[in-house]
**Student:** 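Take a look at this one; I'll ask things after.
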Number of protein chains: 2
Amino acid sequence: MLWQVDPTAPQPLYEQLASSVRRAVADGTVTIGERLPSAKDVAASLDVNLHTVLRAYQVLRDEGLIELRRGRGAIVTAAHPGHARVASLVEQLVGEASSIGLGRAELAKLIQKGT
Amino acid sequence: MLWQVDPTAPQPLYEQLASSVRRAVADGTVTIGERLPSAKDVAASLDVNLHTVLRAYQVLRDEGLIELRRGRGAIVTAAHPGHARVASLVEQLVGEASSIGLGRAELAKLIQKGT
DNA sequence: ACCTATTTGTCCGTATGTATG
DNA sequence: CCATACATACGGACAAATAGG
């Protein structure tokens with residue numbers, strides 16, 4: 001896959017790295033079930049710090065696009081970044097809402113009304 | 001406010017720090033508009049690393065509980081952690097959904113159905 | 001069952017940048 | 001102009017989970 005990083009760009013490196021993965025997933029360069037190269041390898045090949053790559057991976061995990069596990073690496077779990085993000089947010093939202101006593105029906109109303 | 005950290009606990013330090021703030025907000029020890037002590041001060045007083053405190057603050061920002069700004073610090077923006085989190089998620093969700101062509105009505109249906 | 005290598009997770013330290021006051 | 005405070009990036013160290021021999 002294509003990794004693009006430009007140290008002079010206004011966006012942080014970790015965000016550029018995350019975008020590279022999102023782009024690759026979006027255009028089918030990498031597909032569900034595939035494993036991304038280890039953060040160490042990416043860092044070495046791009047000459048950026050290991051932590052910077054790990055941070056990008058964690059961003060993508062929070063978006064629901066990949067799954068991260070020690071010893072295993074980063075596995076792509078969704079085909080469309082946008083959909084994965086929405087699905088992830090819905091899941092989190094339903095969980096958090098229930099913890100303050102809001103069910104799906106109340107949530108639906110709340111969203112439809114516009115806060 | 002009360003900062004509790006236990007290096008031997010299973011939870012990460014940054015999560016323990018975030019919990020301390022959540023607790024303080026929940027019980028009214030700190031209120032909306034108040035500023036949390038600078039990450040540097042917290043780090044020094046608890047003898048933890050600056051980044052660990054900053055990470056905790058960033059978690060709380062993602063939850064919608066505080067606002068972070070360079071030079072200004074961390075300002076509490078919500079009275080109830082749970083509500084802030086839900087509101088933050090709703091806001092993000094509506095935004096992300098619209099970027100993939102989903103409006104509030106479709107979202108509401110999607111949430112009500114249960115994935 | 002054991003050991004080793006791999007890979008992410010956390011924490012520490014340092015340096016520099018950027019926005020605020 | 002200068003001090004404050006968060007943001008990013010680099011580096012190193014160790015822990016924990018996984019996979020494979």
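Residue numbers begin at 1 in each chain, while the letters A, B, ... track the order of the sequences. Since the model is a prediction, treat every value here as computed from it, not as a measurement.
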**Student:** Quick one: do B:Glu34 and B:Leu36 satisfy side-chain contact (heavy atoms from CB on, under 4.5 Å)? Show the steps, please.
**Tutor:** CA-CA 7 Å; B:Glu34 261 189 73; B:Leu36 299 178; over 6 Å; no
**Student:** Tell me: CG of B:Leu54 to P of C:dC12, nearest whole Å?
**Tutor:**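 Checked: the CG to P distance equals 12 Å.
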**Student:** Rounded to whole angstroms, how far apart are CD1 on A:Ile66 and C1' on C:dT8?
**Tutor:**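 These atoms are roughly 11 Å apart.
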**Student:** So, applying side-chain contact (heavy atoms from CB on, under 4.5 Å) with B:Val25, which one of B:Leu60, B:Val76, B:Ile66 is it?
**Tutor:**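 Only one option passes, and that is B:Val76.
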**Student:** Residues of residues 4-21 of chain B with any non-hydrogen atom less than 4.0 angstrom from an atom of DNA chain C: list those, numerically ordered, please.
**Tutor:**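 Output list: B:Pro12, B:Leu13, B:Tyr14.
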**Student:** Return the value, rounded to whole Å, for the distance between atom CZ of B:Arg55 and atom P of D:dA5.
**Tutor:**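 Value for this atom pair: 23 Å.
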**Student:** Just N and O in the side chain of B:Thr52: are any of them under 4.0 Å from OP1 or OP2 of C:dC12?
**Tutor:**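 Yes.
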**Student:** With a 3.5 Å cut-off and sequence neighbours excluded, list the donor-acceptor pairs that the side chains of residues 43-52 of chain B form with protein atoms.
**Tutor:**
residue : atom : partner : partner atom : Å
B:Ser45 : OG   : B:Asp41 : O            : 3.3
B:Ser45 : OG   : B:Val42 : O            : 3.1
B:Asn49 : OD1  : B:His51 : N            : 2.9

**Student:** Applying ring-ring contact (aromatic ring centres under 6.0 Å, His included) as the test, list every pair that has at least one member in residues 18-50 of chain B; sequence neighbours left out.
**Tutor:**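 Every pair satisfying ring-ring contact (aromatic ring centres under 6.0 Å, His included) with a residue in residues 18-50 of chain B: there are none.
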**Student:** What pairs with B:Glu91 under side chain to side chain contact (heavy atoms under 4.5 Å, CB included), at least two apart in sequence or on another chain?
**Tutor:**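 B:Glu91 satisfies side chain to side chain contact (heavy atoms under 4.5 Å, CB included) with no other residue.
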**Student:** Under the rule for side chain to side chain donor-acceptor pair (under 3.5 Å), what residues qualify as partners of A:Glu67, not counting sequence neighbours?
**Tutor:**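 In terms of side chain to side chain donor-acceptor pair (under 3.5 Å), with neighbours along the sequence ignored, A:Glu67 is linked to no residue.
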**Student:** How is the hydrophobic cluster of A:Ile32 composed, in terms of its other members, when Ile, Leu, Val, Met, Phe, Trp and Tyr link through side-chain heavy atoms under 4.5 Å apart, directly or indirectly?
**Tutor:**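 Joined to A:Ile32, directly or through intermediates: none.
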**Student:** Quick one: name the residues clustered hydrophobically with B:Val59, using the 4.5 Å side-chain heavy-atom rule over I, L, V, M, F, W, Y, and just say none if it's on its own.
**Tutor:**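 Result for B:Val59 is B:Tyr14.
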**Student:** Taking CG from A:Leu68 and P from C:dT10, how many angstroms apart are they, rounded to a whole number?
**Tutor:**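 Distance check: A:Leu68 CG to C:dT10 P gives 11 Å.
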**Student:** Mind calculating the distance between CD (B:Gln58) and C1' (D:dA7) to the nearest angstrom?
**Tutor:**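 Result: 7 Å.
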**Student:** Output one letter per nucleotide in nucleotides 14-21 of chain C: B when a protein non-hydrogen atom lies under 4.0 Å from the base, S when only the sugar-phosphate is that close, - when neither is.
**Tutor:** B--BBBSS
**Student:** By a strict heavy-atom criterion of less than 4.0 Å, which residues belonging to residues 33-41 of chain A are in contact with DNA chain C?
**Tutor:**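 The stretch gives A:Arg35, A:Ser38, A:Ala39 as the residues lying under 4.0 Å from the strand, ordered by number.
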**Student:** Which pairs would a plain distance check flag for residues 78-90 of chain A, meaning a side-chain donor or acceptor within less than 3.5 Å of a matching protein atom at least two apart in sequence or in another chain?
**Tutor:**
residue : atom : partner : partner atom : Å
A:Arg85 : NH2  : B:Gln92 : OE1          : 3.0
A:Ser88 : OG   : A:Asp62 : O            : 3.3
A:Ser88 : OG   : A:Gln92 : NE2          : 3.1

**Student:** Enumerate the salt bridge (Lys or Arg N to Asp or Glu O under 4.0 Å) contacts for residues 19-32 of chain B, please, sequence neighbours excluded, ordered by first and then second residue.
**Tutor:**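 Residue pairs with at least one partner in residues 19-32 of chain B: B:Glu15-B:Arg22, B:Arg22-B:Glu63.
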**Student:** Considering only residues two or more places apart or on different chains, which pairs with a residue in residues 54-74 of chain A satisfy ring-ring contact (aromatic ring centres under 6.0 Å, His included)?
**Tutor:**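 Pairs touching residues 54-74 of chain A that pass the test: none.
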**Student:** Expressed as a whole number of angstroms, how long is the span from A:Asp62:CG to C:dG9:P?
**Tutor:**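 About 10 Å, once rounded to whole Å.
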